[in-house]
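Hydrogens, waters and symmetry mates play no part in the numbers below; they use all other heavy atoms, side chains included.
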Amino acid sequence: IGAVGSCSGKGVEDAQLKDPQFQTASKPTVIEVQGDEFWPLSGKPYFNAIISKSQLKPMNLMILPAEMRRILPSKTIPAFLVYKGKEWEMVYLGEDFQKRNKRFGSEWKTFAIDNKLKVGDACVFELMECRNDCLKFRVQILRGDIPSKFEDNTND
């Protein structure tokens, strides 16, 4: 996958960071678990999603939550998801055609497959850049697997 494009610019506007309608990080904590990347959130807008069937096969829909949609452009523009040093380019569908919600385009499926997302995994999407012509999210993936040492206890 690698770097397929770039979204450079001044990033998220200060006015957006002060808007109480979206979540921002406070008191960051660094956690590292079994080689996966975890880092403190920077204080920029973010949203999280627990992966459900509709976000995977067959529909592959990643609809953004209302609080995030309010600060994103209402137009179709390139978006980039960055995870573990790799970048996935996709389309952000910000125009509200036929009462559909703002969402990532069909390229979301490639991101989900490449990163082996499963129902129950959680993703944290931190908005690193928000411009009228480009969006960039840094992604953290938290696996929803039950560790094998606990699985035996659940079958009793």
Side-chain angles (χ1 to χ4, degrees), residues 1-29 31 36-145:
I1 300 300
V4 293
S6 183
C7 182
S8 60
K10 60 185 174 180
V12 180
E13 299 294 328
D14 288 339
Q16 293 169 334
L17 293 175
K18 295 175 184 169
D19 186 340
Q21 295 297 318
F22 60 82
Q23 302 172 7
T24 57
S26 63
K27 299 183 182 177
T29 304
I31 302 170
D36 285 331
E37 285 186 355
F38 297 97
W39 57 84
L41 295 173
S42 67
K44 294 181 179 180
Y46 73 95
F47 71 95
N48 61 314
I50 306 295
I51 301 301
S52 66
K53 287 180 184 178
S54 66
Q55 292 158 331
L56 300 175
K57 296 176 185 176
M59 295 171 45
N60 297 295
L61 288 176
M62 177 52 78
I63 297 172
L64 282 63
E67 62 271 6
M68 185 60 70
R69 292 190 309 253
R70 284 187 205 107
I71 63 171
L72 298 177
S74 292
K75 59 196 286 188
T76 297
I77 57 175
F80 298 87
L81 300 183
V82 179
Y83 176 65
K84 286 192 169 186
K86 294 181 182 175
E87 197 170 76
W88 286 260
E89 182 175 6
M90 58 191 59
V91 175
Y92 161 72
L93 300 165
E95 297 176 80
D96 197 11
F97 293 115
Q98 301 173 352
K99 298 190 179 189
R100 292 182 183 167
N101 293 309
K102 294 178 181 180
R103 66 192 187 285
F104 293 134
S106 60
E107 303 86 359
W108 160 255
K109 179 179 181 178
T110 302
F111 179 84
I113 291 169
D114 287 353
N115 292 292
K116 299 176 176 67
L117 292 180
K118 294 185 263 179
V119 172
D121 288 346
C123 293
V124 179
F125 298 85
E126 186 174 17
L127 183 60
M128 302 308 291
E129 293 187 38
C130 179
R131 298 187 350 210
N132 237 0
D133 63 347
C134 184
L135 300 174
K136 185 180 255 184
F137 290 89
R138 182 170 63 167
V139 182
Q140 294 187 53
I141 298 174
L142 309 165
R143 303 293 175 185
D145 296 330

Return the minimal non-hydrogen interatomic distance between [X] and [Y], and the atom names on each side.
X: Glu126; Y: Gly43; result: OE2-N, 3.8 Å
X: Ile71; Y: Cys130; result: O-SG, 3.8 Å
X: Glu67; Y: Arg70; result: CA-NH1, 3.4 Å

Quick one: are [X] and [Y] in side-chain contact, heavy atoms under 4.5 Å?
X: Gln55; Y: Leu61; answer: no
X: Lys102; Y: Ser74; answer: yes
X: Lys109; Y: Leu56; answer: no
X: Asn48; Y: Cys123; answer: no
X: Phe125; Y: Leu81; answer: yes
X: Leu64; Y: Leu72; answer: yes
X: Ile77; Y: Leu135; answer: yes

- Message: Please enumerate all residues that pass side chain to side chain donor-acceptor pair (under 3.5 Å) together with Asn60, with sequence neighbours excluded.
- Response: none
- Message: Ser106: which residues meet the side chain to side chain donor-acceptor pair (under 3.5 Å) condition with it, sequence neighbours left out?
- Response: none
- Verdict with reasoning, Asp114 to Lys86, per side chain to side chain contact (heavy atoms under 4.5 Å, CB included): CA-CA 11 Å; Asp114 287 353; Lys86 294 181 182 175; over 6 Å; no
Would you say the side-chain atoms of [X] pair up with the backbone N or O of [Y], donor to acceptor, closer than 3.5 Å?
X: Glu87; Y: Phe80; answer: no
X: Asp121; Y: Ile51; answer: no
X: Asn115; Y: Phe111; answer: yes
X: Glu107; Y: Val91; answer: yes

- Message: Once rounded to the nearest 0.5 Å, what's the spacing between atom CZ of Arg103 and atom OH of Tyr92?
- Response: 10.5 Å
- Message: Nearest 0.5 Å, please: how far is OG in Ser52 from CE in Met62?
- Response: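 Those atoms lie 7.5 Å apart.
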- Task: From the options Glu129, Lys44, Met128, select the one residue that forms a side-chain contact (heavy atoms from CB on, under 4.5 Å) with Arg138.
- Result: Met128
- Message: Here's a test for you: under ring pair (Phe, Tyr, Trp, His ring centres under 6.0 Å), which of Phe104, Trp108, Tyr46 qualifies with Phe137?
- Response: Phe104
- Would you please name every residue forming a salt bridge (charged side-chain N to carboxylate O under 4.0 Å, His left out) with Lys118, sequence neighbours left out? Asp145
- Residue pair Leu41, Val124: steps toward the side chain to side chain contact (heavy atoms under 4.5 Å, CB included) verdict: CA-CA 9 Å; Leu41 295 173; Val124 179; 4.0 Å; yes
- Would Glu95 and Lys75 pass as an ion pair if we require N to O under 4.0 Å?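 Salt bridge flag = no for Lys75 with Glu95.
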